[in-house]
Amino acid sequence: WAYLIEQVQAGGLYRLFLIHAVPQQEQDLVRLTVASSQQHLERQPEFLPKLTELVLAAFPTASRLEIDYQPDVADCPMLIQQQLDQARYRYVQRVMEQDPVLQQLQQQMAAEWVEDSLVVNA
């Protein structure tokens, strides 16, 4: 789904909306399950027609779009990315905590690990 979002060149608010969604195609219908936190975007008059155009471009055999808002959308690209980021953070944290050079510096200088200072680049 994340790949399709890139392929249809969804940008800005449309991309934000779609990365909080999970699509399911049933014949000529694409049903988007979307995080409720994104529902406010639908209030803009030009939003739904453009969104429909983008989604249907990703699913050429579909001709209709239906949106279902849910409090949590488990497999949306945003949540998957957040899980990957958290796993990467925990890995880097473990590596640094086990690093013998850092351990030695902590002992020699009475240094403390400041957990909030760790920044992990993707």
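The figures that follow rest on heavy atoms only: side chains count, while hydrogens, waters and symmetry mates do not.
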Student: How far does CZ of R64 sit from CG of L56, to the nearest 0.5 angstrom?
Tutor: 10.5 Å
Student: How many angstroms lie between atom CZ of F59 and atom CG of L54, to the nearest 0.5 angstrom?
Tutor: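 Result: 12.0 Å between the selected atoms.
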Student: Provide the closest heavy-atom pair for P77 versus A21 in the form atom of the first, atom of the second, distance.
Tutor: CD-O, 3.4 Å
Student: Minimum heavy-atom separation for W1 to A58, with atom names?
Tutor: CZ3-CB, 4.5 Å
Student: For S117, check side-chain hydrogen bond (donor to acceptor under 3.5 Å, both in side chains) against everything at least two apart and list the hits.
Tutor: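 Listed in chain order: nothing, the list is empty.
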Student: How long is the straight-line distance from CD of Q38 back to CD1 of I67, given to the nearest 0.5 Å?
Tutor: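 Reported value, rounded in 0.5 Å steps: 11.5 Å.
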Student: What pairs with Q82 under side-chain hydrogen bond (donor to acceptor under 3.5 Å, both in side chains), at least two apart in sequence or on another chain?
Tutor: none
Student: Identify the two heavy atoms, one from L16 and one from I19, that lie closest to each other, and give their separation to 0.1 Å.
Tutor: O-CG1, 3.3 Å
Student: Tell me every residue that passes ring pair (Phe, Tyr, Trp, His ring centres under 6.0 Å) with F47, counting only those two or more places apart in sequence or in another chain.
Tutor: Y14, F17
Student: Please check if the number of heavy atoms outside Q83 that lie under 6.0 Å from its CD is greater than 12.
Tutor: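 Enclosed: over 12 neighbouring heavy atoms sit under 6.0 Å from CD of Q83.
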Student: Could you tell me if the side chain of T33 sits less than 4.5 Å from the side chain of Q24, heavy atoms only?
Tutor: no
Student: Do the side chains of V34 and L79 join up, straight or via other hydrophobic residues, at under 4.5 Å, putting them in one cluster?
Tutor: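 No; L79 is not reachable from V34 via cluster members.
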Student: Rounded to the nearest 0.5 Å, how far apart are CG of D85 and CD1 of I80?
Tutor: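 Reported to 0.5 Å precision, the distance equals 12.0 Å.
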Student: Got a donor-acceptor contact below 3.5 angstrom from the Q25 side chain to the Q27 backbone?
Tutor: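 Checked: pair present.
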Student: Go through the structure and list residues passing side-chain hydrogen bond (donor to acceptor under 3.5 Å, both in side chains) with S37, not counting sequence neighbours.
Tutor: none
Student: Under the side-chain contact (heavy atoms from CB on, under 4.5 Å) test, which residues partner Q86, sequence neighbours left out?
Tutor: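 Partners of Q86 under the side-chain contact (heavy atoms from CB on, under 4.5 Å) test: R90.
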Student: Not counting sequence neighbours, which residues clear salt bridge (charged side-chain N to carboxylate O under 4.0 Å, His left out) with E26? List them please.
Tutor: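 In terms of salt bridge (charged side-chain N to carboxylate O under 4.0 Å, His left out), with neighbours along the sequence ignored, E26 is linked to R31.
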Student: Please give the remaining members of the hydrophobic cluster of V73, linking ILVMFWY side chains under 4.5 Å, ordered by chain and number.
Tutor: V22
Student: List the atom pairs, donor and acceptor, that lie under 3.5 Å between side-chain atoms in residues 102-112 and the rest of the protein, sequence neighbours left out.
Tutor:
from : atom 1 : to  : atom 2 : distance (Å)
Q103 : NE2    : E97 : O      : 2.9

Student: Report whether L118 and V95 are members of the same hydrophobic cluster (ILVMFWY, side-chain heavy atoms less than 4.5 Å apart, transitive linking).
Tutor: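 Same cluster: L118 reaches V95 through Ile, Leu, Val, Met, Phe, Trp or Tyr contacts under 4.5 Å.
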Student: Working to the nearest 0.5 Å, report the span between CD of E53 and CG of L48.
Tutor: 12.5 Å
Student: Quick test of your reading: applying salt bridge (charged side-chain N to carboxylate O under 4.0 Å, His left out), list the pairs with at least one residue in residues 10-21, sequence neighbours left out, ordered by first then second residue.
Tutor: E6-R15
Student: According to salt bridge (charged side-chain N to carboxylate O under 4.0 Å, His left out), who are the partners of D68, at least two apart in sequence or on a separate chain?
Tutor: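 Testing D68 for salt bridge (charged side-chain N to carboxylate O under 4.0 Å, His left out), a comparison that skips the adjacent residues, returns none.
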Student: According to ring-ring contact (aromatic ring centres under 6.0 Å, His included), does anything in residues 22-43 pair up with another residue at least two apart or in another chain? List the pairs.
Tutor: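 The answer is none; no pair qualifies.
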Student: For the atom pair CG (L18) and CG (L13), what is the distance rounded to the nearest 0.5 Å?
Tutor: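 The CG atom of L13 is 11.0 Å from CG of L18, to the nearest 0.5 Å.
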Student: The criterion is side-chain hydrogen bond (donor to acceptor under 3.5 Å, both in side chains); which residues satisfy it with Y89, sequence neighbours excluded?
Tutor: none
Student: Taking atom CD as the centre, does Q9 end up with more than 12 heavy-atom neighbours from other residues, nucleotides or ligands that are less than 6.0 angstrom away?
Tutor: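 Atom CD in Q9 is not packed in, count stays at 12 or less.
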